[in-house]
Amino acid sequence: MYPELNPYVVLITGGASGLGLAGAQAFAREGATVVIVDINKSDAKQAASTLGSKHIGLMCDVADEAQVNHVVETVVKQLGRIDVLINCAGIADQVKPTIEQDMAHFRRLLDIHLTGSYMMTKACATVMLKQGKGNVINISSIAGVIGLTYRNAYSAAKAGISMLTRTLGCEWAANGIRVNAIAPGYILTPLTQALIDKGRLDKSVVERRTPMGHFGTPTHIADAMLFLASDQSAFITGVTLPVDGGYMSWGAPSDAFDDHP
Ligand SMILES: NC(=O)c1ccc[n+]([C@@H]2O[C@H](COP(=O)([O-])OP(=O)(O)OC[C@H]3O[C@@H](n4cnc5c(N)ncnc54)[C@H](O)[C@@H]3O)[C@@H](O)[C@H]2O)c1
C-alpha cells in the first residue's frame, strides 16, 4: 500500500502486544524491517519471530535511560539506521479515588509513558538527525484531551505526550524529521480487555458513548501509523490525530449511539 515503507527500519516500543503488535504486523506486511522493543523479553522475541526471520525482538524498559540508549545503539549496530520510531509502550492507570492512589504507581506511569517516550525519541533523533530523515509516532489517548475521573497520571502523561509531539515536531521540522501522535479512543486490546474483565470498564457504556457504536480494533490504529509514517502525510507534523470512532467529537448530554432508531 505504501511502497516507500519497504526499506525502512521501524522500532516499535510495546510492540509485543495490542496496538504495538498490530503496528508491527502492518509494517512487516509493507516489507519494512521491524524491531519490537518490549519490557517482556520472551514476548518481544516471540512476536518478532512470528513476523519473519529479518525482524528483531529486544528487551528494554523504556523508563530506564541506560536501557533505552543501549537498545538504540544495538539497533544501529545491527541494522545501520532507524527510519520510524513508534512509542507505544504503556500500562493502565489506577482506577480508584485520588486520595487512595499511591505515588509509586503515579511516578511509574509518568516514567513509562511520558519520560519513556521522551528518552526513546531523544535517542532515536540523534540517529535520525544524522540521516537527515526520520519519523516519530507517539501514542497519546482521548484521555489526554478530555477529563476522565481517577485517570490522573495516565491523562497527564498523554496530554504531555501530545505537547511533546508539538514541541519536537516544530524543533525538527526543518531537519526532515516529522513527529506526530495518535489519540486512540477505546480499542479492544489485552489492556482494555483486562479492565473489562476486572469490572473497571463497562463495555456497553463505551459503545453507547461512541458515535460509531463500537470499540475500535488494533488494525484501525495500525492503519493510522502507516499513514503517518508514509509520504501521504509528508506535510503533517506536530499533530495528534484522534482515531476514536467520533468519541471526542460527541458533546451532547445523551448516548451518542442510538440502536433503536
Ligand atoms: N487499548 C486502548 O484502548 C488504548 C487507548 C488509548 C491509548 N492506548 C495506548 O496505547 C498503548 C498500547 O496499549 P495497548 O492497549 O496495546 O496495551 P497492551 O498492554 O496490549 O500492550 C502494551 C505493551 O507495552 C509493554 N510495556 C509495558 N511497560 C513497558 C515498559 N516499561 N517498557 C517497555 N515496554 C513496556 C507491555 O509489555 C505490552 O507488550 C499504550 O500507550 C496505551 O496507553 C490504548
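Indexing begins at 1, ligand by ligand and atom by atom, following the structure's order. In this chain, residues are counted from 1 in sequence order.
Residue contacts with ligand 1: Asp38 is included, with a non-hydrogen atom under 4.0 Å away. Heavy-atom separations between Arg108 and ligand 1 include at least one value shorter than 4.0 Å. Remark: distances from the non-hydrogen atoms of Ala183 to ligand 1 are all 4.0 Å or more.
The ligand atoms of ligand 1 that sit less than 4.0 angstrom from a heavy atom of Cys88 are 11 (C), 12 (C), 40 (C), 41 (O). Annotation for ligand 1: atoms under 4.0 Å from non-hydrogen atoms of Asp61 are 30 (C), 31 (N), 32 (N). Taking every heavy atom of Gly185 and a limit of under 4.0 angstrom, the matching atoms of ligand 1 come to 3 (O), 5 (C), 6 (C). Atoms of ligand 1 lying under 4.0 Å from any heavy atom of Tyr154, numbered from 1 in the order shown and given with element: 6 (C), 7 (C), 8 (N), 9 (C), 42 (C), 43 (O). Counting atoms of ligand 1 from 1 in the listed order, those under 4.0 Å from a heavy atom of Ser140 are 7 (C). Here is the list of ligand 1 atoms found below 4.0 Å of a heavy atom in His113: 41 (O), 43 (O). Interface of Thr192 with ligand 1, defined as ligand atoms under 4.0 Å from a residue heavy atom, comprises 1 (N), 2 (C), 3 (O). Which parts of ligand 1 touch Ser141 is read off a 4.0 Å heavy-atom cut-off, strictly below it: atoms 6 (C), 7 (C).
The backbone N or O of Val95 sits nowhere less than 3.5 Å from a side-chain atom of Arg151 that would complete a donor-acceptor pair. Remark: the backbone N or O of His55 is not paired with any side-chain donor or acceptor of Thr33 at under 3.5 angstrom. The backbone N or O of Cys88 sits less than 3.5 Å from a side-chain atom of Thr13, completing a donor-acceptor pair. For the pair Arg178 (side chain) and Ser233 (backbone), a donor-acceptor distance under 3.5 Å is present.
In this structure, the protein non-hydrogen atom closest to atom 32 (N) of ligand 1 is Val62 N, 3.1 Å. Shortest contact from atom 13 (O) of ligand 1 to any protein heavy atom: Leu191 CD1, 4.1 Å. Nearest protein heavy-atom contact of atom 18 (P) of ligand 1 is Ser17 OG, 3.6 Å. Scanning all protein heavy atoms for the shortest distance to atom 41 (O) of ligand 1 gives Lys158 NZ, 2.9 Å. What sits closest to atom 14 (P) of ligand 1 on the protein, heavy atoms only, is Thr189 OG1, 3.7 Å.
Residue pairs meeting the side-chain hydrogen bond (donor to acceptor under 3.5 Å, both in side chains) criterion with at least one partner in residues 78-88, sequence neighbours excluded, are Arg81-Asp83, Asn87-Thr121, Asn87-Asn138.
Here atom 27 (C) of ligand 1 lies nearest to Gly90 when heavy atoms of Gly90, Ala63, Ala143 are compared. Heavy-atom proximity to atom 26 (N) of ligand 1, evaluated over Ile39, Ile91, Asp64, is greatest for Ile39.
The existence of a salt bridge linking Lys77 and Glu73 is excluded, since no basic side-chain nitrogen approaches an acidic carboxylate oxygen closer than 4.0 Å. Using a cut-off of 4.0 Å between Lys/Arg side-chain N and Asp/Glu carboxylate O, Asp61 and Arg108 are scored as salt-bridged.
The part of Ile112 lying near ligand 1 is the side chain, judged by heavy-atom distances below 4.0 Å.
Backbone and side-chain nitrogen or oxygen atoms of Ile187 are examined, and one is located within less than 3.5 angstrom of a nitrogen or oxygen of ligand 1. Taking distance alone, with nitrogen or oxygen atoms compared against 3.5 Å, Leu19 approaches ligand 1 more closely than that limit.
Glu30 pairs by the salt bridge (Lys or Arg N to Asp or Glu O under 4.0 Å) definition with nothing, not counting sequence neighbours.
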Given side-chain contact (heavy atoms from CB on, under 4.5 Å), test Asp244 with Tyr186 step by step and report yes or no.
CA-CA 7 Å; Asp244 64 357; Tyr186 287 93; over 6 Å; no

side-chain contact (heavy atoms from CB on, under 4.5 Å) between Tyr154 and Gln94, worked out:
CA-CA 9 Å; Tyr154 189 85; Gln94 330 177 51; over 6 Å; no

With side-chain contact (heavy atoms from CB on, under 4.5 Å) as the test, would you mind laying out the steps for Asn180 and Leu241 before giving the verdict?
CA-CA 8 Å; Asn180 292 295; Leu241 174 69; over 6 Å; no

Full working for side-chain contact (heavy atoms from CB on, under 4.5 Å) between Ser42 and Met59
CA-CA 8 Å; Ser42 56; Met59 184 272 168; over 6 Å; no

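Note that Arg209 lies in the cation-pi zone of Tyr247, set by a 6.0 Å cut-off to the ring centre and a 45° limit from the axis.
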